[in-house]
Amino acid sequence: MLKFIRIAVALAALVTVLLPTPALAQRADLSWKWIDGATSRYRMVESMAQSISGAASTDLSWVRTVEFTQTVESTSKGSVVSRTYDRVAVELDEAGKITKFDSDVASTFGNAAHPMIAPFTKMTGKILRVELDADSMVTGDDGPPELFEAMLGPLSQSNAGLAGLAPTGDQSTRLIEQTQSALDIIPGRRVRRGQSWIVDIPHAVPLTGDLASDISCTLKSARRNRASILIEGHLSQTDGESGLALLKLKEGVIEGTIEFDTEEGQIRKQQIEMVSEWSTTNELLEALGAEETTQSLRQSVELVRIR
């Protein structure tokens, strides 16, 4: 059971690497704008329902709320976008047993050591910085290894097999690539209503091997300074035998929408849902006589600009 908790936490962390007017327009300028000194505050609410069948059958669900402040600073080469994590709250439901943590509520601090909560308590106060050039291309970052070490460190200490999960070297490079791919969901050009574009997003998740999201984005509508974008795609496992948990992805479907402010060049609201099914069946486990275990995950994420 604890192994699957760790898997869910690692997937959720990734999830942390790496979201009204009547005049209808035919085109929209979908380009990021990084204005020096601009400050925004966002709330991200992620929910996940996990169902495990097999020898360790169980169900659990949780809701995680993260609030962060985003600031922009202009440089001679472009911009530095900083994200400071201000608040983290988790509500966990284990077969009816509710456990809560909120970094703003002292009475919940006693639950901070729970294995499904502990990694996320380390996010509070951490800062993630991304360096961008004038074309919103990522040229560097500061923070991912430290952030992942803070989140995954407790898991590494409790299980030697999970040691060294914090991104370093090539994994840090992959996190930069993942950040760039996420930015590419906004294509940086004028787009016709009904026009689509493709984005491939790699994921650095040591526990499951190499993952990739194949995303199709379509401009559904444009009303003055608001553009609505439809997201559809699939999650695939490009190297199913390299993950420490030896999980095989059987199916992964992604759907969502984005509300983009074309005047400010920023996302106002983003909703994403992913449904995936995983299996522990592989040659090694079969040789050990282990029973197949299937894990079904339903994840949804809503990102809203609140200030």
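The model shown is predicted, which means the values in this text are computed figures rather than measured ones.
- With sequence neighbours excluded, no residue forms a side-chain contact (heavy atoms from CB on, under 4.5 Å) with Ala182.
- With sequence neighbours excluded, the residues forming a salt bridge (Lys or Arg N to Asp or Glu O under 4.0 Å) with Glu259 are Arg226, listed by chain and number.
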Could you give the side-chain donor-acceptor pairs of residues 73-82 under 3.5 Å, partners two or more places apart or in another chain?
unit_1, atom_1, unit_2, atom_2, d
Thr75, OG1, Lys77, N, 3.3
Thr75, OG1, Gly78, N, 3.0
Thr75, OG1, Gly78, O, 3.4

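- Between the side chain of Lys33 and the main chain of Glu263, a donor-acceptor pair closer than 3.5 Å is present.
- Smallest separation of non-hydrogen atoms from Leu183 and Ser136: CD1-O, 3.9 Å.
- Counting only heavy atoms from C-beta outward, the side chains of Leu92 and Phe101 never approach each other to under 4.5 Å.
- Here side-chain hydrogen bond (donor to acceptor under 3.5 Å, both in side chains) pairs that include residues 96-111, with residues two or more places apart or in two chains, are Arg87-Asp102.
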(request) Could you go through the salt bridge (Lys or Arg N to Asp or Glu O under 4.0 Å) check for Asp261 and Arg305 one step at a time? (result) CA-CA 11 Å; Asp261 188 319; Arg305 181 174 174 178; 5.7 Å; no

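- Listed by chain and residue number, Trp34, Phe260 satisfy the ring pair (Phe, Tyr, Trp, His ring centres under 6.0 Å) test with Trp32 (two or more places apart in sequence, or in another chain).
- Taking each heavy atom of Val199 and Cys217 in turn, the nearest pair found is CG2-SG, 4.4 Å.
- Inter-residue side-chain proximity for Phe68 and Thr84 is flagged as unmet; no heavy-atom pair is nearer than 4.5 Å.
- Using a 4.5 Å cut-off on side-chain heavy atoms (C-beta onward), Gln266 and Gln70 make contact.
- The two residues Thr218 and Gly194 have their closest heavy-atom pair at CG2-O, 3.7 Å.
- The shortest distance between side-chain heavy atoms of Ile229 and Val191 does not fall below 4.5 Å.
- For Leu219 against Trp197, the heavy-atom pair with the smallest separation is N-CZ3, 3.8 Å.
- Side-chain contact check for Asp200 versus Ile215: every heavy-atom pair is 4.5 Å or farther apart.
- In summary, the side chains of Ser300 and Ser47 do present a donor paired with an acceptor at a separation below 3.5 Å, with no hydrogens or angles considered.
- Residues Gln270 and Met44 are not in side-chain contact: their nearest non-hydrogen atoms beyond the backbone lie 4.5 Å or more apart.
- Put simply, the side chain of Val304 does not reach to within 4.5 Å of the side chain of Val45, judged on heavy atoms.
- Between the side chain of Asp133 and the main chain of Asp135, a donor-acceptor pair closer than 3.5 Å is present.
- The hydrophobic side chain of Val105 is isolated, with no ILVMFWY side chain under 4.5 Å apart from it.
- Judged by distance alone, the side chain of Lys269 and the main-chain N or O of Glu302 form no donor-acceptor pair under 3.5 Å.
- Using a 4.5 Å cut-off on side-chain heavy atoms (C-beta onward), Val88 and Thr121 make no contact.
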